[in-house]
Number of protein chains: 2
Amino acid sequence: MLTITIYDVAREANVSMATVSRVVNGNQNVKPATRQKVLAVIERLDYRPNAVARGLASKKTKTVGVIIPDISNVFYAELVRGIEDIATMYRYNIILTNSDQQEDKEVQLLSTLLSKQVDGVVMMSDEISSEMLHEMNRATVPIVLAGTVETSNSFPSVNIEYHDAAVDAVNRLIKNGHKRIAFVSGSIDSTITKLYKVSGYERALNEASIEIDTDLIVGVNNTYDDGLVAWDQLRELKDPPTAFFAGNDEIAIGLIHGAQDNGLRVPEDIEVMSFENSKLTRMVRPQLTSVVLPLYDIGAVSMRLLTKHMNKENIEENNVILPYWIEERKSVK
Amino acid sequence: MLTITIYDVAREANVSMATVSRVVNGNQNVKPATRQKVLAVIERLDYRPNAVARGLASKKTKTVGVIIPDISNVFYAELVRGIEDIATMYRYNIILTNSDQQEDKEVQLLSTLLSKQVDGVVMMSDEISSEMLHEMNRATVPIVLAGTVETSNSFPSVNIEYHDAAVDAVNRLIKNGHKRIAFVSGSIDSTITKLYKVSGYERALNEASIEIDTDLIVGVNNTYDDGLVAWDQLRELKDPPTAFFAGNDEIAIGLIHGAQDNGLRVPEDIEVMSFENSKLTRMVRPQLTSVVLPLYDIGAVSMRLLTKHMNKENIEENNVILPYWIEERKSVK
DNA sequence: ATGAAAGCGCTAACAG
DNA sequence: CTGTTAGCGCTTTCAT
């Protein structure tokens, strides 16, 4: 299994390894004739540069680390696809890791990524622990936060205006005459949910002079079943909600099915506004009206932002805010 | 940004770098006292081994490549999660790449993975082109096929008995009295679909003496919309199908909604059998009856098989067949 | 335009 | 149990 190296190519082509290195790296300081000669030998020997050796010598690996909670969740998968596409465009590969939202695992993942000498990291997390922040600050390569906020804004990031989006979403429901509007969300203690979404929900109610009932704010996990469970819990209330603002599409669908399984119609009897806009929105009846969280774009822009840092390009805006809007479908009148 | 190396640790601890290397690698041939001393210095200097240098010296990178069609598709995301979990267990990281099912891209991805010196590769593909096979044979590291068949069986693989599964699925529909059963699937020209699923479909019909009508076999893509479109196409037939065998869950849901949007009831008027059993099966009404394709397990077992090859362990079975079954829910009576 | 040589940070004999 | 010494395959000055 003798691997053929740059040295073999050099010998066969009667040039120095430096010259081979130059043609491999597209350096212009090579006479066309010798370039051809070298290229021919590379072809003949089927030479393939060893990226590990290259990484050691150049201190650049052309690979970036990605830390997300769980790739089997469409939510994050969409984000990763955005990251990957832009990474490919800039000739980077990605090492993908799942944190399952565990703080200690996040720290450890970042640590191994750094030991693997990634050129940068894109990460998404509900909540950045102080240990994680410490590890992040130790890093000598850029780290960008995708769809996650770190309150001091000391790291590059890409997000939307979650607060405004929540206000708009709830206003949409208020406009339809609802007074009893529930907010059902996962990651209820995460920075984004707590600081931005809940506050947006409350602000909209306040502005409409609707009393805030904490019974109507329910924290669950992010799955379909949680939507179902939340429905069951909420309908027990003496004065149950007539409209729901869901933290994501799966929860929204659970809520809808909960209602339908109880003989209620959506949107005639119950209205549901979601917050995600994955492809699932179209796969329910009625189709989901949802705030658009552009996950693919958040991933893509995050990766682009990361390349700018890695290349030490000029950065106009280090904390990017992407636009959002509400995609009207059939779960809200 | 001076990086601290094994050499710095050695100097500070008054030992040779070999000793530091030994403690870092858990080699037992180190006196406990010196081990403690070295560990203390590592802690103090915040030393972190450079995996790239280690990779160059040891010719092992502890990272494996993964080639799949598209991570934003739950189907593949589930597979990747299985791969990742086992990889983590064996201390490997994964470089994730998307081929979008393009042959040239697959070849190129494999090539860059190999140049990055991955210790092995897990890949999934509808169809392995001859160029790809050639590139695979060039590889000096093990490659395992997850949920994909290469007819010569010359590579390790993990699959289920697609043919038998298709026969069972269609028999289930025949048992309910259907004579007009459609097969709607994506990747219709892929090895698995063509050789195993279609043949299973035909076999079941033949055994029940039901005539095969090629109008009832429709090749589409793998999305929800394709299910909708296929429905519209099939209902135009003078003698339209009363039951459907769908290639995956999204198609199945499209078919169901197509029927429901036309005022038909599932399963009373129309029955639908799926083939995947993702979490989507529970997120429709009626919930989907489906053949269980254990994607997570296929990923996990593939990765485990890969570790066996990488460690040169003894391999009992190189072409693993996992069990399948039909999960009964409500879309089939 | 090309070559020589010094590392990059670590592993792995080998010697003692 | 510990140290010495070669590399691993490539990039990158520095000469020429």
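To find a chain, count down the sequence lines: A is the first, B the second, and so on, and within it residues start at 1.
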Shortest non-hydrogen contact from [X] toward [Y]:
| X | Y | result |
| --- | --- | --- |
| A:Leu305 | A:Pro156 | CD2-CB, 3.8 Å |
| B:Asp119 | B:Thr61 | OD1-N, 3.0 Å |
| B:Lys116 | B:Ile95 | CD-CD1, 4.3 Å |

With a 3.5 Å cut-off and no angle check, do the side chains of [X] and [Y] form a donor-acceptor pair?
| X | Y | result |
| --- | --- | --- |
| A:Ser21 | A:Asn25 | yes |
| A:Glu106 | A:Ser129 | no |
| A:Asp85 | A:Tyr296 | yes |
| B:Ser190 | B:Glu127 | no |
| A:Asn222 | A:Ser187 | yes |

Letter by letter from the 5' end, nucleotides 6-16 of chain D scores (B base, S sugar-phosphate only, - none; protein heavy atoms under 4.0 Å) -BBBBBB----
[X] [atom1] to [N] [atom2], straight-line distance once rounded to whole Å:
| X | N | atom1 | atom2 | value |
| --- | --- | --- | --- | --- |
| B:Asn14 | D:dC1 | CG | C1' | 16 Å |
| A:Leu114 | C:dG9 | CG | C1' | 16 Å |
| B:Gln28 | D:dC1 | CD | P | 9 Å |

Does A:Ser16 make a side-chain N or O approach to OP1 or OP2 of C:dT2 shorter than 4.0 Å?
no
If each end axis of the helix from C:dA1-D:dT16 to C:dG16-D:dC1 is fitted on five C1' pair positions, the angle between them, to 10 degrees, is 30°
